[in-house]
There are 2 protein chains.
Amino acid sequence: MLRNDITVAIRNAVMSELAEVGYGRLSIEAVARRAGVGKTAIYRRWSNKLEMVLEIITDVAGRKVPVPDTGSFASDLDLLMMIVSRALQHRVASQIIPDLMAEAARNPQIAETLQRVLRIHQQSVGEKLVGQAVARGELPEGTDPDVAVDLILGPLYWRLAVSRQPIDDDYLEKLAAAVLGSLKGGSAT
Amino acid sequence: MLRNDITVAIRNAVMSELAEVGYGRLSIEAVARRAGVGKTAIYRRWSNKLEMVLEIITDVAGRKVPVPDTGSFASDLDLLMMIVSRALQHRVASQIIPDLMAEAARNPQIAETLQRVLRIHQQSVGEKLVGQAVARGELPEGTDPDVAVDLILGPLYWRLAVSRQPIDDDYLEKLAAAVLGSLKGGSAT
DNA sequence: ATGCGGCGGAACGCAACCGTTACGTCGTAG
DNA sequence: CTACGACGTAACGGTTGCGTTCCGCCGCAT
């Protein structure tokens, strides 16, 4: 019964508002205004701001990310870092993710939702990637996938979402090489 | 003329409010309430919320951090990572920093202030640490201090401020070893 | 003793937004 | 053709916070 084009307009408006003003300052009225929609239409779908945002975020973030499998760990790594850096350079991601992360620190529901959609992905990617590499003998037995994930995502996130310095291909190469070195070296035990 | 004890009370209240509700929802009235102070006292010192927060943040974050210099890069690194991880585990830091980072993405003044107080520190630490190590021959000539800083701070920040998983000594050791390996390996060129 | 100035408290008018409701329109299913 | 239901608009009372103003208190310097 609820018209789908209206729902889509609202979803888009929420994402834009989130990017522009953040969760804290997001108001239902602004979303309605932006979507060209009455508040009624929003309250007919969700009962409050938190529920609305959580549902939309879950939906958007829940889309599957393909795990690279190129045949060698080095090129898997290159590819993954390129994908991640591209993703983090999109306005939506680079604005919304840090904002929701900060919000998650005070709102358990947001925290729980984010962990579900982000960390589970992250973890499975890490395990698969490291697993493949270990099986191929490219990484030492017992390499900790958690450490690996932190080493891969941490610097990228820091650069792009925190430090907000631009990343060029040259830099990405250096970083990939360093990460590769660190894992080959001795994150074992 | 302005009473100093009042100023201190306000500063503390601002930091607490920032940690609890974030910049977006921080209200002058709440700060005044918390500090046990009239709004008048606040407006007598700063003319608005942004100016107040910027001044206080600059002041708090501007305190110098000693750069480790233990004689070997490996132990410098261990020490630095321990210091940073300790700092990031404090409630104030782990709540306020991500919040302000997110806010910085849309407020140029906040962004500029944070970059001044954080990045400059960060950069100088990186350059000094890497410089020492290269001079000692512990790292290859031409090691990029930027990459090094990202490799050191990125994973820690990711773990503690984003992923929010606990860090134990064992994990810290693995991470330090990995970072060391990556830098010794080949982040050069 | 007098006066200056910072202080807390209270109230101001204004704006934004909450969540709800009433109303009139319009497309569609029956 | 009719009835239903989602739609936009507009208004509701209530809350919160802004930035300002005025008051009376009190400490301090003269």
Side-chain angles (χ1 to χ4, degrees), chain A residues 1-57 59 95-96 99-100 102-103 106-110 113, chain B residues 1-57 59 95-96 99-100 102-103 106-110 113:
Chain A
M1 312 180 172
L2 298 172
R3 271 170 55 188
N4 195 260
D5 55 328
I6 303 280
T7 307
V8 170
I10 298 176
R11 294 181 113 88
N12 291 339
V14 168
M15 293 303 285
S16 303
E17 279 302 300
L18 268 186
E20 272 182 29
V21 304
Y23 177 82
R25 279 197 265 274
L26 180 136
S27 81
I28 301 277
E29 307 219 333
V31 170
R33 232 176 291 139
R34 178 169 216 136
V37 140
K39 279 201 288 179
T40 338
I42 296 180
Y43 281 107
R44 206 171 283 127
R45 289 166 172 76
W46 303 276
S47 63
N48 56 54
K49 171 170 136 183
L50 178 58
E51 189 188 304
M52 175 181 74
V53 171
L54 286 185
E55 199 264 359
I56 293 177
I57 290 299
D59 183 70
Q95 300 254 17
I96 293 184
D99 182 82
L100 288 180
E103 203 62 34
R106 338 182 160 91
N107 187 319
Q109 294 210 53
I110 294 185
T113 300
Chain B
M1 314 180 171
L2 298 172
R3 273 171 52 189
N4 196 259
D5 54 329
I6 303 280
T7 307
V8 170
I10 297 175
R11 295 182 113 87
N12 292 337
V14 168
M15 293 302 286
S16 303
E17 281 297 306
L18 268 187
E20 273 183 29
V21 304
Y23 176 82
R25 279 197 266 273
L26 180 136
S27 80
I28 302 276
E29 309 218 332
V31 170
R33 234 175 290 140
R34 178 170 217 136
V37 141
K39 279 202 290 180
T40 335
I42 295 179
Y43 281 106
R44 206 171 283 125
R45 288 166 173 77
W46 303 277
S47 63
N48 55 53
K49 171 170 136 183
L50 179 57
E51 189 188 305
M52 175 181 73
V53 170
L54 285 184
E55 199 264 358
I56 292 177
I57 289 299
D59 183 70
Q95 301 255 18
I96 294 184
D99 183 83
L100 288 180
E103 202 62 34
R106 47 188 94 83
N107 187 318
Q109 295 210 54
I110 294 185
T113 302

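So you know, we letter chains A, B, ... as the sequences are listed, proteins then strands, and number each from 1.
- Taking the side chain as every heavy atom from C-beta outward, B:Ile6 and B:Arg44 never approach each other to under 4.5 Å.
- Looking at residues 9-28 of chain A, you'll see A:Ser27, A:Ile28 sit with a heavy atom under 4.0 Å from some atom of DNA chain C.
- Sequence order on DNA chain D of the closest nucleotides to A:Arg3 and B:Arg33 puts A:Arg3 first from the 5' end.
- The distance from atom CD1 of A:Ile56 to atom CD of A:Glu51, rounded to the nearest 0.5 Å, is 10.5 Å.
- Here B:Thr40 pairs with nothing under the side chain to side chain donor-acceptor pair (under 3.5 Å) rule; sequence neighbours left out.
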Distances under 3.5 Å between protein N/O atoms and the N/O atoms of nucleotides 8-14 of chain C, please, pair by pair.
from, atom 1, to, atom 2, distance (Å)
C:dG8, OP2, B:Gly38, N, 3.1
C:dG9, O6, B:Thr40, OG1, 3.1

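- Contacts between chain A and DNA chain D, taken as any atom within less than 4.0 angstrom of a protein heavy atom, begin and end at D:dA6 to D:dT9.
- Scored by the side chain to side chain donor-acceptor pair (under 3.5 Å) test, A:Gln95 finds no partners at all (sequence neighbours excluded).
- Atom CE in A:Met52 sits roughly 13 Å away from atom C1' in C:dG19 (whole-Å rounding).
- For the side-chain contact (heavy atoms from CB on, under 4.5 Å) with A:Val53, the lone residue among A:Val31, A:Asn48, A:Leu18 that qualifies is A:Leu18.
- Considering only residues two or more places apart in sequence or on other chains, A:Asn4 meets the side chain to side chain donor-acceptor pair (under 3.5 Å) condition with none of them.
- The side chain to side chain donor-acceptor pair (under 3.5 Å) search around B:Arg45 returns B:Thr7, not counting sequence neighbours.
- With DNA chain C read from its 5' end, the first of the two nearest nucleotides for A:Lys49 and B:Asn4 is the one closest to B:Asn4.
- Here salt bridge (Lys or Arg N to Asp or Glu O under 4.0 Å) pairs that include residues 7-25 of chain B, with residues two or more places apart or in two chains, are A:Glu103-B:Arg25, B:Arg11-B:Glu55, B:Arg11-B:Asp59, B:Glu17-B:Arg34, B:Glu20-B:Arg34.
- Remark: A:Glu29 engages A:Lys39 in a salt bridge (Lys or Arg N to Asp or Glu O under 4.0 Å) (not counting sequence neighbours).
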Got a list of protein N/O to nucleotides 25-30 of chain C N/O distances below 3.5 Å?
none

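- Atom-to-atom distance recorded for B:Thr113:OG1 and B:Leu100:CG is 9.5 Å, nearest 0.5 angstrom.
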Original post:
Can you give the dot-bracket line for DNA chain D, using ( ) for pairs inside the strand, [ ] for pairs that cross earlier ones, | for pairs with another strand and . for unpaired bases, where Watson-Crick and G-U count if both distances are under 3.5 Å?
Top reply: ||||||||||||||||||||||||||||||
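- A search for side chain to side chain contact (heavy atoms under 4.5 Å, CB included) contacts involving B:Asn107 returns B:Leu50, B:Gln109, B:Ile110, not counting sequence neighbours.
- Here the closest heavy-atom approach between residue A:Ala35 and residue A:Ala9 is recorded as CB-O, 3.7 Å.
- Going from atom OG of A:Ser16 over to atom CG of A:Leu26 covers 10.5 Å, rounded to the nearest 0.5 Å.
- Side-chain atoms of A:Asp99 come within 3.5 Å of backbone atoms of A:Tyr23 as a donor-acceptor pair (strictly under, hydrogens ignored).
- For the pair B:Ile28 and B:Tyr43, the minimum side-chain heavy-atom distance is below 4.5 Å.
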